[in-house]
Amino acid sequence: MSDDAHLTPVFMPALGAILIAAEDKKGEPLTNNEVLSIRDNAACIMMTHSDAAKLAESRGYDDIDPENCWYDWQMLRRELDRKPELDPGARVDMFSASDPAYQECVAKARETLDEFRTMIPRYDSHSCLIKTRLDDGQSSGFVWLFNTTISGNGFIAELFEVPPSVSLLKVGQVFDVADADVIDWMINDDGTLHGGFSLRYYRAKLPPDERAEFDAHVGVTKYG
C-alpha cells in the first residue's frame, strides 16, 4: 500500500507553538497534566505522510510527537533556553509513531509473534519484553513491559517503569496484551538481541559514534 493511502494527524498550528504560547500566557512552566490537556484539545487535520513531511520541511522543523509530548516539550524548552529546566523523564518512544518506517517495524513485529512464542519458554521471562499502548484513564503512551508469558492468543506482561505520559499506572501492574496490541517484542539473551525492531531502526539512525552508548543503555552487545 502506498504512503499516501495512510493519513496522519498534524497539529495546526504546530503543537510546539501552541505550548510556547500557553506557557508564555501562564508566566511559568506548564505541568505535565497541562501539557497533555493542551495536546488532547489542540486542533488537528489529517494529511498523507508525504504532505505532512512537506509541511515539516516548509516549517523548518519537526513538530512535537504527541506520543512523547512531555519529553519532546522539555527538549524544545531546552533548545529555547527556557528556565527552569524540568525533568523530561523517559521517552516513551524514540521516534514518531506516524513515521512509515516505524509502522513497518510494528508490522514486522506482529508478523513474527509466532517466533516470539516459540522462544519465550527457552528464556527467563524477565528477558522477554513486549511494547504496547497503555492508558491510565487520563492519557496513554507506548510502554515496554517485561516478565512476558503466553496467555491464550495473547500475552501477559508486567510494568517495570512508569513514563510521565501514563503517570497514574504503578510499577508491578500486570496487563493482558492481545496480538493486535503488540507494537514490538524483544528478548535479550545475555546481550544478544532478538526482535527489538524499533530499537534496531532507531540505532541505525544514530551517528556511528553514538551507537556504542546506545548499546550500553539497552544492554545489547550483539544483534541476533
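Looking only at distances, no side-chain donor or acceptor of D63 sits under 3.5 Å from a matching main-chain atom of V10. At least one donor-acceptor pair under 3.5 Å links the side chain of T31 to the backbone N or O of E34. Side chain of N188 to main chain of G191: a donor-acceptor pair is present (N/O by atom type, distance under 3.5 Å, no hydrogens or angles). Between the T112 side chain and the K108 main chain, a donor and an acceptor come within less than 3.5 Å of each other. When atom types are taken as modelled, the side chain of R211 and the backbone of A204 share a donor-acceptor pair closer than 3.5 angstrom. R117 places a side-chain N or O within donor-acceptor distance of the main-chain N or O of N153, the cut-off being under 3.5 Å. At least one donor-acceptor pair under 3.5 Å links the side chain of W70 to the backbone N or O of D87. At least one donor-acceptor pair closer than 3.5 Å links the side chain of K26 to the backbone N or O of P29. Under the 3.5 Å distance criterion, the side-chain polar atoms of R133 are left unmatched by any main-chain donor or acceptor of D181. Side chain of D72 to main chain of D65: a donor-acceptor pair is present (N/O by atom type, distance under 3.5 Å, no hydrogens or angles).
With respect to R203 and D215, a salt bridge is recorded, a charged nitrogen being found less than 4.0 Å from a carboxylate O. Electrostatic pairing of E85 and R78 counts as a salt bridge here, judged by a charged N lying under 4.0 Å from a carboxylate O.
In terms of heavy-atom proximity, L30 sits nearest to E23 at N-OE1, 3.2 Å. Closest heavy-atom contact between W73 and G16: CZ3-O, 4.1 Å. Taking each heavy atom of W185 and M119 in turn, the nearest pair found is CH2-SD, 4.2 Å. For the residue pair P13 and I18, the shortest heavy atom distance occurs at O-CD1, 3.5 Å. Shown here for R110 and A180, the closest heavy-atom pair between the two residues is NH2-O, 2.9 Å. Residues I183 and T132 come closest through the heavy atom pair CG1-CA, 3.8 Å.
The shortest side-chain heavy-atom distance between L76 and I20 falls under the 4.5 Å cut-off. Residues V177 and T148 fail the side-chain proximity criterion, which asks for heavy atoms closer than 4.5 Å.
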Stepwise, does the salt bridge (charged side-chain N to carboxylate O under 4.0 Å, His left out) test hold for K83 with D81? CA-CA 6 Å; K83 305 296 183 183; D81 198 30; 3.4 Å; yes
Apply the test salt bridge (charged side-chain N to carboxylate O under 4.0 Å, His left out) to residues D184 and R200: give CA-CA distance (whole Å), side-chain angles for both, the deciding distance (0.1 Å), then the verdict. CA-CA 11 Å; D184 198 359; R200 296 168 190 265; over 6 Å; no
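Environment of CG in D190: sparse, with no more than 12 heavy atoms of neighbouring residues, nucleotides or ligands closer than 6.0 Å.
Between S127 and D124, the side chains place no donor N or O within less than 3.5 Å of an acceptor N or O (distance only, hydrogens not considered).
F175 has its ring centre no less than 6.0 Å from the ring centre of F155.
Between Y123 and H194, the two ring planes are tilted [angle within 30° to 60°].
Within the model, atoms CG of D209 and CD of E213 stand 9.5 Å from one another, a figure rounded to the nearest 0.5 Å. Within the model, atoms CG of L19 and CG of D24 stand 11.0 Å from one another, a figure rounded to the nearest 0.5 Å.
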